Every structure is written in structure tokens, then in C-alpha cells.
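Because the structure is predicted, anything quoted here is derived from the model rather than measured. Order of the sequence lines fixes the chain letters, A, B, ..., with proteins taken first and strands second; residue numbering starts at 1 for each chain. Scope of the values below: all heavy atoms of this structure, side chains included, with no hydrogens, waters or symmetry mates.
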Amino acid sequence: MKGIISYGAYIPYNRLQRKKIGEFFNKPVFGGEKAIAGYDEDSVSMGVESAIDCLAEMEATNIDRIYYTTTSAPYKEKGSVSTITAALNLTANIHAIEAASSLRSGTSAIMAANESEKTLVITADCRIGAPTGQNEQWFGDGAASFLIGSGEDVIAEIVDSGTVQGEIITAWRSQGDSFTQDWEERLGTTVFLDQVKSNVQPFLEKNNLTADALTKVIISGPGTRAHTAAARSLGLQTHQIQDPLFDKVGRTGNAHAPMMMVSALESAQPNDQLLIINFAEGLDMILLKVTEAITQLTQRKGVKGYLERKSDKVTYSDYLKWRNLIETEPPRRPDTDRPSAPALYRGYRQNLSFTGSKCKSCGTPQFPKQRVCVQCQAKDEMEDYRFVGQSAKVTTFTLDHLAASPAPPMIVAVIDFEKGGRIICEVTDCNPKEIKIGMNVEMTFRRLSEAGGISNYFWKARPIRQKESS
Amino acid sequence: MSKKGITDKVAVIGMGCTRFAEHWDKSVDDLLVEAAYEAFTDAGIEPSDVEAAWLGTMISGYAGITLSGPLKTQFIPVTRVENMCATGSEAFRNACYAVASGAYDIVLAIGVEKLKDSGYSGLNAPRPASDGTSPNISAPASFSFLAPAYYNKYGLSDEQGREVLSKIAWKNHYNGSLNPKAQYRNEVSMEKITKSPMVAAPLGIMDCSGVADGAAAAIIVRSEDAQKYRKDPMYVKALSIAAGPGDGKLRQDYDFTTFKENVAAAQAAYKQAGIQNPRKEIDMAEVHDCFTPTELVIYEDLGFSERGQGWKDVLKGVFELGGELPINPDGGLKSFGHPIGASGLRMLYEMYLQFQGKAGKRQLDDPKIGLTHNLGGTPMQCVSFISIVGKEIS
């Protein structure tokens with residue numbers, strides 16, 4: 001039976017405390033905090049990070065298909081799946097579709113996966129709410145990924161799924177809009193509850209289930225109140241309602257229900273039954289039954305792990321700068337050049353999958369790829385060598401106050417990999433006071449720059465963290 | 001390099017150097033004319049006596065016409081050279097070889113740079129089109145990698161390291177205060193240096209060389225002809241340049257407490273000049289103090305200090321004007337300023353003045369052998385130039 005083989009998630013390191021928004025505008029706000037993508041993150045980079053988490057310690061060569069879903073893609077025209085495929089070092093012949101626009105596309109993609117294939121579903125969103133509005137407070141950024149297939153490795157069988165198309169204007173962002181707009185919340189809530197009442201009960205009956213048999217119900221509805229109302233209408237007990245992560249992450253767009261699913265799977269036991277109800281102009285319903293195999297899945301960072309790795313030091317003004325919501329004085333440095341498309345084309349496998357070369361003659365790993373070995377000068381004796389997944393150490397560093405950066409000072413370090421090889425790169429998600437020689441770091445996929453409308457993705461180092469930093 | 005190189009084959013018979021400064025009122029052309037004509041006058045030659053010229057500039061112009069235009073040279077060959085911050089030295093080196101080869105009898109080497117017209121902070125060289133993946137870090141940041149690496153390797157606390165770097169900046173500012181052509185002609189207190197605003201931590205603004213406009217020039221002839229022009233020419237004992245393969249970017253065994261290029265260039269130059277003990281045999285040096293930790297590492301790379309001992313020599317005052325081996329008597333890049341293409345020739349200009357006893361308040365006691373060291377690039381990968389020059393022919 002078709003099911004989930006693995007899951008992964010990503011929550012950006014920076015969390016904005018909602019009270020900081022309130023302090024800035026001198027108005028009452030909701031409590032808690034929201035996860036915000038760093039200045040070097042977007043729906044593609046977060047999606048890749050969640051997929052790396054999902055595929056940890058797994059053979060990724062036999063994946064047949066990628067479904068990438070987001071409502072906040074970097075481009076209106078130009079896909080992102082080829083970027084993601086290269087970043088994950090997957091086969092170029094992989095079948096891929098990306099779905100935009102619908103906040104339901106994450107769950108729809110899970111339903112669309114075939115039993116006979118292995119499908120990697122990547123959901124990510126990074127939406128911007130208009131300053132002073134409620135969306136600004138509630139929207140959070142994040143990503144979740146699932147590997148879907150069949151066989152003994154399935155940790156949660158997709159017992160059944162159903163879908164309803166129900167046209168309604170609740171939340172929308174036109175091609176020209178910068179921010180999501182909403183109709184008054186009661187409209188969406190009412191319509192959502194109607195759809196739940198008329199569709200969920202028959203779906204459960206069809207599967208010979210009653211609501212009390214469900215271990216957890218994952219509900220992502222319009223706004224922040226609908227999910228409690230929906231849970232009540234289904235007669236669920238509090239312990240059955242999956243935490244919607246509003247206070248810690250926020251509403252993560254099309255990745256919201258998927259991130260809640262990850263969260264639910266993290267604490268699930270064999271034979272648990274999970275129901276997912278995801279709303280956007282209709283409903284997606286998925287019924288999962290957890291299997292014994294879940295006990296064999298190696299630990300992912302997941303929602304739980306990434307919730308612990310955080311900094312809440314970010315200020316609201318940082319956030320405004322990172323989202324280009326305020327115009328600031330430009331540095332007295334040249335603008336970042338638009339990257340050369342031919343140079344990107346030549347290096348895309350190398351740069352996106354972080355694959356360098358290793359000298360067959362002397363064994364020295366090198367990045368970027370070299371023709372002549374830096375160690376033994378052998379010519380054209382190189383084989384491809386991927387650096388991702390290795391730990392590395394800071395050999396020396398600088399805090400560059402002069403370099404143009406949305407978050408000065410730019411931390412740049414000389415990074416030496418445990419199995420050989422060196423790169424000089426930016427260190428991200430790091431407090432300038434933390435960096436020191438010998439610090440352990442790992443590579444993370446980021447959007448280096450956007451210049452001339454081109455998003456340029458590459459890798460940076462980040463401190464290896466076990467839990468919240470001070 | 002052949003066994004003997006070009007030791008004592010060529011000599012400098014005239015030099016000129018503009019003040020290095022924020023020359024808001026002078027163009028590249030003005031600076032070139034000023035430096036070249038000062039050199040012509042000093043050598044006692046007519047501009048038309050020059051048979052060929054080498055122009056060094058990194059970002060202030062292209063091709064030989066950048067020089068032939070303002071000088072109105074009459075269809076002589078002019079070669080524009082570029083080797084990053086070692087550009088001025090590279091112009092000199094190529095001019096020397098041309099004379100030594102016998103192709104020309106009298107040539108001009110000149111370097112110029114106009115940094116202050118861009119409106120940017122620091123040096124901003126145009127970057128070739130690229131995939132944009134290498135971090136666009138500032139020049140001070142590239143060199144600031146040296147400081148924590150050096151402290152860590154030799155067990156200096158941040159405070160000790162800070163004192164050493166400040167002392168280097170203090171020395172160069174003191175020397176510059178005695179030099180009427182320097183960009184900065186004031187002494188700067190240790191406290192001010194130590195507390196200067198961060199540019200690329202741990203380097204503050206006072207760890208950085210001056211961003212300046214300027215030009216410097218030299219007239220070169222074969223040594224056997226030199227006495228026809230003046231009784232006190234400067235003789236070239238050794239010229240070397242080493243271009244690195246980029247070990248710092250790619251190899252883990254490079255530890256950011258040295259420039260391999262410096263070591264290679266120094267060994268080659270010492271061999272040519274027959275120098276066994278540089279600390280004893282060299283009377284003075286102008287080195288590439290683009291940032292304070294660069295100068296610290298250079299002491300050790302060039303054999304002026306033992307490995308790991310450079311910082312102690314700084315604190316002992318070894319490299320101060322009255323010390324055992326004065327370094328950067330003219331104020332160095334730090335205080336004289338660093339108009340890229342001109343700096344290498346400016347270093348030679350100080351050697352020349354010192355040999356002739358014309359260095360004013362900073363005059364050393366009859367130096368006979370001097371060294372200039374000029375570096376283009378970063379600790380990760382650079383070109384390193386060294387010249388050894390002398391008052392006398394051996």
C-alpha cells in the first residue's frame with residue numbers, strides 16, 4: 001500500500017517575537033513568535049533543507065518523481081525543480097512537477113504520488129504579510145518533505161484520501177500583489193466548517209471509523225480560529241488535535257498541514273491513525289495508519305529538532321530589511337553583480353549539489369572542481385566528490401563590516417572538511433560573538449543573492465547546533 | 001631565473017613621486033605628468049630621451065595610451081601592466097629587464113592609481129563576470145583571516161595581538177608624520193588605533209592602509225651608463241615575483257600565518273643578491289603593510305624574524321626608525337597611502353631617497369642595502385614581489 005517512507009522539515013533559525021511588531025507599531029499584538037526565513041533563505045532553499053532532512057541516511061538515487069509545491073516561488077516564470085534536483089544531487093531524468101498558487105497543493109501532491117514509484121514531495125512557503133496587518137503576525141516560514149512510495153519501509157500507510165473542490169474567495173494574492181489579502185475571516189470559517197461537516201464524516205464512515213478512533217487530527221483551515229471550530233464540530237478531544245504551531249512557527253502557507261503532519265509523525269506509535277484535513281478552495285483529506293516501520297526510521301531533525309535550534313534575537317527592523325520592506329541607505333560598495341548565466345550553466349551541478357573534485361592520484365578533495373591538482377599537480381586525474389553531509393571546522397574567520405550584507409557584519413570563514421578539502425564561505429545563522437577557530441559547522445543550502453531578478457543559490461556554513469543558542 | 005639574475009646590471013638615475021592623498025583636484029593625467037616630469041628633472045633628461053615606458057595601473061586606465069596621451073610621448077612603446085597591488089613593482093621589473101636585455105638604453109617605469117573617484121569605501125576592483133558564488137568580501141576581511149590564525153597558532157590573547165597590530169600601525173604613522181609626501185602626516189596614539197571602529201574584525205579602520213590617489217616614476221639605465229647621469233644612482237641587486245597556485249583557497253595545510261608567495265619570492269631574491277642573513281644584511285625595507293597583520297606575517301616570511309617571533313620583535317621596537325631593521329621608514333601603505341599602481345614604485349622611491357641622504361627627518365644612518373616587498377592579492381592567493389636595491393655596485 002502507498003504510504004510515507006520518510007519525512008523531514010525545516011524551520012528557519014530566526015524567530016521574530018510578535019511583541020516586537022507590537023512595540024514597533026505601538027499596538028496590541030498576538031503572543032508567541034513566528035519563524036522567519038533569513039535574508040538568504042526562500043521557498044527553494046528551505047524546501048531543499050527539508051528534503052535533505054527527509055532523505056538523511058537514505059539512498060536517494062531511486063527517486064522517480066519530485067513534486068514541489070509553494071505559493072512563494074522565487075520566479076513567476078522559471079521553474080525551481082531543476083534547482084532543487086541539482087541541489088539534492090538527484091538524477092536529471094527525474095519526473096517533476098511544481099505546483100504554485102494553491103495553499104492545498106502540498107497535500108494534493110502527496111495524494112498524487114503513485115504507489116509504484118518513489119515520489120519526493122517538497123512543500124515550502126515564505127509569504128509576506130503587509131506590515132501592521134494580522135497576516136504579518138500569523139504568517140511564518142517553513143518547509144516539509146515526504147518520501148512517498150510503497151513496501152516494507154512505509155512508516156505510515158495512506159489508507160484513503162479524498163478531495164473536494166469548493167470555490168470561495170478567502171485569501172488571495174494576485175500576480176501584482178506584494179501581500180496576501182483576505183476576506184473577513186468569518187466567511188472562510190463558515191464555508192470551511194460546512195465543507196468539513198459534509199465531507200469528513202462520510203470519509204470516516206467509508207473507512208469504518210469514528211472520530212474517537214483517530215490518534216491525531218491535523219487541521220489547517222482558513223485563519224487561526226477555524227481549526228478549533230472544525231475540531232469541535234467533529235467532536236474531537238483536545239489531545240486529538242495536532243498543535244497548529246501558530247505560537248512557535250506561524251501559518252506556513254502550503255507547508256502548514258505538511259509540517260503538522262511531520263510533527264504528528266514524530267510522536268506517532270505503530271497503529272496510530274492520523275487524519276489530515278487541509279483547506280483552500282475546498283478540502284484535501286488523507287487518512288494515515290502508522291506502521292511498525294516507524295520505529296526503524298533514523299531520527300530526523302524534523303519540526304521538533306528545528307524548533308529547538310533557534311534564535312529570537314532578530315528585531316522587527318531586521319525583518320523589514322530582509323524582506324525589502326524598508327528602503328535603507330546603500331553601502332558605499334558596488335552593487336552585487338547579476339551572475340553570469342553561462343557561468344551558472346557551466347557550474348550548476350557543482351555549485352548546487354556542492355560537488356567538487358578529488359584527485360585520483362593523491363586523494364585530495366578540492367572545491368571548486370580543478371583540472372590540475374593543487375596538492376600534486378596531476379592533470380585531469382579528478383573524480384567528482386560531494387562535500388554535503390560532512391562536518392567541518394572553522395580554521396580562521398573574519399567579521400566583515402565593509403562587505404554589503406543585509407545582516408552586517410558578514411561572517412566569512414575558512415572551512416576545513418573532516419575528510420579533506422577547504423572552502424571559504426559565509427557563515428550563516430551565527431552570532432558574530434559565537435564564531436571561533438575550531439567551531440564545528442555544516443553546510444546549508446542558501447540563496448546567496450538576488451541580482452537582476454536572478455536568485456543565485458549556493459552553500460554556506462552554519463554552526464552545528466543541538467539546541468537553542470544563548 | 002638564471003643563476004645570477006640581473007644583479008647590478010641596471011640602475012635608477014631619476015625618480016619622482018606625487019604626494020599620495022585624496023587628490024580631488026587632480027586627474028590621472030595630472031598625476032602621471034607630475035610624477036614623470038619630477039623623474040625627468042631628477043635624472044637630468046628630456047622627456048624625449050625616454051625610449052620605452054612601462055605603465056602600471058590596476059583600475060585607472062587601459063593600455064599604453066593611458067600614459068602616452070598625457071605625456072605626449074612620440075610613438076615610443078608603452079606597455080601597460082597589471083598585477084593587482086604589485087602593479088607598480090611589475091612595471092619596474094619589466095622595465096629593468098628591457099634595459100638589461102639591451103633592447104633599450106633608457107626607459108621609464110611609472111605607476112598611477114586614482115581610487116578616490118569611485119565614491120566607494122576601500123578598494124573595489126571590477127570583477128570579471130562569474131557565477132557569483134565566491135563571497136564578495138572586502139580587502140580588509142581577506143587579510144583579517146591572518147590575525148586570529150596567528151594568535152591561535154602562537155598563543156597570543158586577543159589583547160596581546162591587538163597591542164602588536166596597534167604598534168605596527170603606530171610605527172608607520174610615526175614614520176609618515178616625518179614625511180611631507182605622505183597621505184597622513186600625523187602621529188596617531190596607540191589608544192586611538194586600538195579603539196578605532198571595526199572594519200573587518202579584529203581589524204579596525206586604523207589597521208588599514210590609506211585609500212589614496214598618486215603616482216610614482218623611475219628612470220632606468222644600464223649600470224655602466226648610470227654615472228653619466230648622476231654620481232649616486234640606485235643599483236638593482238635582485239628582482240623576483242612569485243604567483244601562487246591558490247593553496248590558501250584549496251589546501252588544508254595552509255594555515256594563514258604566512259604567504260607562501262612571500263617565502264618563494266624572498267628566497268629567489270636573496271639567492272640573486274647573495275644574502276644569507278636578511279635581518280643583518282638588509283639595512284632597511286619597505287614592505288606591503290596593506291593591513292597591520294600583513295606586515296607582521298611579512299617579517300617572518302622574509303626572514304626578518306623567526307617564525308612565531310615577529311610579534312615579540314614588534315614589541316621590542318626592532319622595526320622602528322631607530323631599531324635594528326627599520327621597516328617602512330616612509331610611513332608605508334598605512335600612512336603614505338596606497339594608490340595601487342603607484343605603491344611599488346613609491347617603495348623604491350624611499351630606498352632611493354635614503355641612499356642619497358635625502359629622506360629628511362626620517363633619514364637613516366647611511367643605509368647601503370634596501371628591500372622592497374609588494375603584494376597583490378590575498379592570503380589565499382597572491383603575487384608577491386621583492387626587489388633588493390643598493391647604494392653601491394658590488
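Here the CD-CD distance, from B:Glu300 to B:Gln309, works out to 7.5 Å after rounding to the nearest 0.5 Å. Between the CD1 atom of A:Ile326 and the OG atom of A:Ser317 there is a distance of 6.5 Å, given to the nearest 0.5 Å. From A:Ser311, atom OG reaches atom CG of A:Asn14 across 5.5 Å, with rounding to the nearest 0.5 Å. Residue B:Ser60 holds its OG atom at 9.0 Å from CZ of B:Arg80, rounded to the nearest 0.5 Å.
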(request) Apply side-chain hydrogen bond (donor to acceptor under 3.5 Å, both in side chains) to A:Asp400 and B:Ser138, showing your working. (result) CA-CA 7 Å; A:Asp400 194 344; B:Ser138 65; 2.7 Å; yes
(request) Just do the side-chain hydrogen bond (donor to acceptor under 3.5 Å, both in side chains) check on B:Thr57 and B:Glu113 with the steps written out, would you? (result) CA-CA 6 Å; B:Thr57 187; B:Glu113 213 72 71; 2.8 Å; yes
(message) Could you walk me through whether B:Asp213 and B:Lys116 satisfy the salt bridge (Lys or Arg N to Asp or Glu O under 4.0 Å) test, starting with their C-alpha distance in whole Å, then the side-chain angles of each, then the deciding distance to 0.1 Å, before giving a yes or no?
(response) CA-CA 6 Å; B:Asp213 307 322; B:Lys116 294 304 298 183; over 6 Å; no
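Taking the six-membered ring for Trp and thresholds of 30 and 60 degrees, B:His288 and B:His373 have ring planes more than 60 degrees apart, a perpendicular arrangement. Using cut-offs of 30° and 60° on the angle between ring planes, the pair A:Phe354 and A:Phe458 is perpendicular. In this pair, A:Phe387 and A:Tyr385 present their aromatic rings perpendicular. The plane angle is above 60°, beyond the 30 to 60° band.
Scanning residues 152-167 of chain B against chain A with a 4.5 Å heavy-atom cutoff picks out B:Asn152, ordered by number. Residues of residues 435-457 of chain A lying within less than 4.5 angstrom of chain B, judged on heavy atoms, are A:Ile437, A:Leu448, A:Asn456 in numerical order. Applying a 4.5 Å heavy-atom cutoff, the residues of residues 139-148 of chain B that approach chain A are B:Pro140, B:Ala141, B:Ser144, B:Phe145, B:Pro148. The interface of residues 249-261 of chain B with chain A, defined by heavy-atom distances below 4.5 Å, comprises B:Lys249, B:Leu250, B:Arg251, B:Gln252, B:Asp253, B:Tyr254, B:Phe256.
Of the atoms belonging to A:Asp337, it is side-chain heavy atoms, and not backbone ones, that fall under 4.5 Å from chain B. Interface residue B:Asn136: only backbone heavy atoms are found under 4.5 Å from chain A. At a 4.5 Å heavy-atom cutoff, the contact between A:Pro334 and chain B is made by backbone and side-chain atoms alike. If you measure heavy-atom distances from B:Thr133 to chain A, the contacts under 4.5 Å come from both the backbone and the side chain. For A:Tyr348, no part lies under 4.5 angstrom from a heavy atom of chain B.
Interface remark: of the candidates A:Ala413, A:Gly421, A:Pro432, A:Pro408, A:Gly421 forms the most heavy-atom pairs closer than 4.5 Å to chain B. Most heavy-atom pairs under 4.5 Å with chain B, from the set A:Pro365, A:Pro342, A:Ala343: that is A:Ala343. For chain B, the option among A:Lys460, A:Arg346, A:Gln375, A:Arg338 with the highest count of heavy-atom pairs below 4.5 Å is A:Gln375.
A side-chain donor-acceptor contact under 3.5 Å links A:Tyr13 and A:Arg465.
The shortest non-hydrogen separation linking A:Asp416 to A:Arg422 is OD1-NE, 2.7 Å.
Side chain of A:Glu41 to main chain of A:Tyr39: no donor-acceptor pair is present (N/O by atom type, distance under 3.5 Å, no hydrogens or angles).
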